[in-house]
Amino acid sequence: MADLRIDLAGIKSPNPFWLASAPPTNSGYQVQRAFEAGWGGAVWKTLGEPILNVSSRFAAVSFNGQRVAGFNNIELITDRPLEVNLNEILETKKRFPNHAIIASLMVEPRQEKWHEIVKKVEAVGVDGLELNFGCPHGMAERGMGSASGQVPELVEKQTHWAKEVARTPVIVKLTPNITDITMTAEAAVRGGADAVSMINTINSLAGVDLDSWNTVPHVGGKGAHGGYCGPAVKPIALNMVAECARNPLVNVPISGIGGISNWQDAAEFMLMGATGVQVCTAAMHHGFSIVEDMIDGLNNYLDGKGIASVMDLVGQSVQRYSNWGDLDLNYNIVAEINNDVCINCNKCHIACEDTSHQCIDLYTESGRPMLKVREQDCVGCNLCQIVCPVDGAISMVERRSTIPPMTWNERQSLLRNFNR
Amino acid sequence: MSEQLLTLDEMKQIDECINKGFSIHSVDENLSGMLIIFKRHEEEVRLQVLTAEARKYFAAKLQEQMQL
């Protein structure tokens with residue numbers, strides 16, 4: 001069994017699976033049940049001046065039979081009094097001293113407000129703080145959440161205010177509702193952040209009811225933009241983690257969040273630079289017990305790879321994530337169809353003919369329909385393999401180029417030097 | 001002419017120029033692809049290369065020439 005313990009900026013937990021700040025971490029009852037189920041940590045649903053929530057709050061986007069491919073909410077931070085939350089954190093920490101409890105915090109961008117809440121929360125024994133500069137709805141309209149998180153100067157200043165009094169590690173949670181997340185990640189680091197977490201939810205409208213013409217969700221016939229999460233956002237989150245992980249100015253650990261639903265997702269985030277992961281939508285969809293499969297799967301994966309500690313995964317793929325201009329223009333792959341496995345649905349032919357490079361030919365051999373790739377016209381786009389419904393029917397295979405490797409940047413440099 | 005045949009033709013023309021002793025004198029990338037001027041003493045050949053693959057091939061040939 002591999003060692004699944006992680007240490008994220010000094011915050012230790014028995015495994016890398018934390019519940020993200022959200023409805024699953026709203027109360028001591030829930031967090032304690034989650035720890036009993038096996039979660040290594042929990043980021044307590046955002047504390048601040050208690051707000052009022054609306055009804056209804058959630059919506060899901062299902063796609064082609066897949067329920068909750070995406071998830072949307074218009075719920076704000078905690079609506080419970082701070083003292084109640086603090087008492088429950090204290091009680092939970094006593095029962096689970098080795099599990100990570102991180103308090104998510106959100107207050108107005110005023111120094112005294114940050115000082116007050118940080119001191120109160122740390123007094124009950126949390127292992128760390130997560131500053132919520134990410135929520136896109138409701139609080140943002142009052143100058144908090146992503147309204148702060150979209151302005152690097154405010155991220156830096158508020159992180160600094162929290163750090164002025166904090167004794168535990170400070171994680172800054174970033175909003176994806178920004179052109180370049182590395183700008184705010186760098187600002188967090190300048191402000192003294194011990195770690196960053198990403199991503200918070202993405203601005204969204206889940207849908208419109210075609211009968212009532214109401215938004216989904218709606219509150220008495222009116223809707224508002226919400227935050228999008230779930231499996232649909234994973235590629236967006238993974239890219240943002242990768243961009244920060246390869247940025248030398250973001251030289252702090254990353255807690256990965258965004259559509260993580262199973263151990264494979266977690267391993268991908270860790271390979272791409274996250275020290276641990278936070279999960280929400282999958283737990284809301286399937287319950288706390290999904291962590292059992294996550295732990296078993298990650299353990300088996302690490303054992304199979306001969307890796308002793310999950311921390312050894314962190315960042316192993318970061319060097320492989322580069323800029324387009326550093327890719328080899330002369331690297332070639334082509335599609336290869338295995339006609340013994342192919343079921344002749346012709347989806348590859350249609351896709352290639354209509355929307356790619358018209359390089360898959362239909363022909364008949366001994367009365368049997370066959371498909372063949374004209375390699376000289378294949379650009380290796382992968383589309384045929386993507387649309388193929390049968391595993392193993394189409395493979396993408398490497399073809400050695402007749403010309404040496406050259407990237408776009410090398411090519412442009414060559415032309416510049418030549419024309420000089 | 002199919003793109004592949006056009007590519008092969010363009011690559012052949014690049015090779016022919018080089019094999020005849022022409023060297024690449026200047027190159028200008030434009031909206032149609034790439035205009036290459038080959039020179040051999042006072043003699044000049046202009047080649048408009050349209051296809052992506054031939055433009056990649058040309059870059060390799062230019063690199064060879066610059067390393068010579």
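The structure displayed is predicted, hence computed values, not measured ones.
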Task: Within-4.5 Å side-chain heavy-atom neighbours: A/Met406 and B/Lys56 - done: no
Task: Contacting moiety of A/Gln412, where chain B heavy atoms sit under 4.5 Å - done: side chain
Task: Greater than 12 external heavy atoms within 6.0 Å of A/Tyr331's OH - done: yes
TODO: Please round to the nearest 0.5 Å and tell me the distance separating atom OG of A/Ser401 and atom CD of B/Glu53.
DONE: 8.0 Å
Task: Heavy atoms of other groups near B/Leu31 CG, more than 12 under 6.0 Å - done: no
Task: A/Asp391 atom CG, neighbour heavy-atom count above 12 within 6.0 Å - done: no
Task: Minimum heavy-atom distance between A/Leu415 and B/Phe58, given as atom pair plus value - done: CD2-CE2, 4.3 Å
TODO: Would you mind checking which part of B/Met11 comes under 4.5 Å of any heavy atom in chain A, side chain (CB onward), backbone (N, CA, C, O), both or neither?
DONE: neither
Open item on the list: I need the A/Arg374 CZ to B/Gln4 CD distance, nearest 0.5 Å.
Closed with: 10.0 Å
TODO: Below 4.5 Å from any heavy atom of chain A, which atoms of B/Ile24 appear? Answer side chain, backbone, both or neither.
DONE: both
Open item on the list: Tell me if the CD atom of B/Glu43 is crowded by more than 12 foreign heavy atoms within 6.0 Å.
Closed with: yes
Task: More than 12 heavy atoms from other groups under 6.0 Å of CZ on A/Arg320 - done: no
TODO: Kindly give the heavy-atom pair with the smallest separation between B/Val27 and A/Asn419, and that separation in Å.
DONE: O-ND2, 3.1 Å
Open item on the list: Can you give me the closest heavy-atom contact between B/Ala59 and A/Leu414, atom names plus distance?
Closed with: O-CD2, 3.3 Å
Task: Residue B/Glu64 versus chain A: region with a heavy atom under 4.5 Å - done: neither
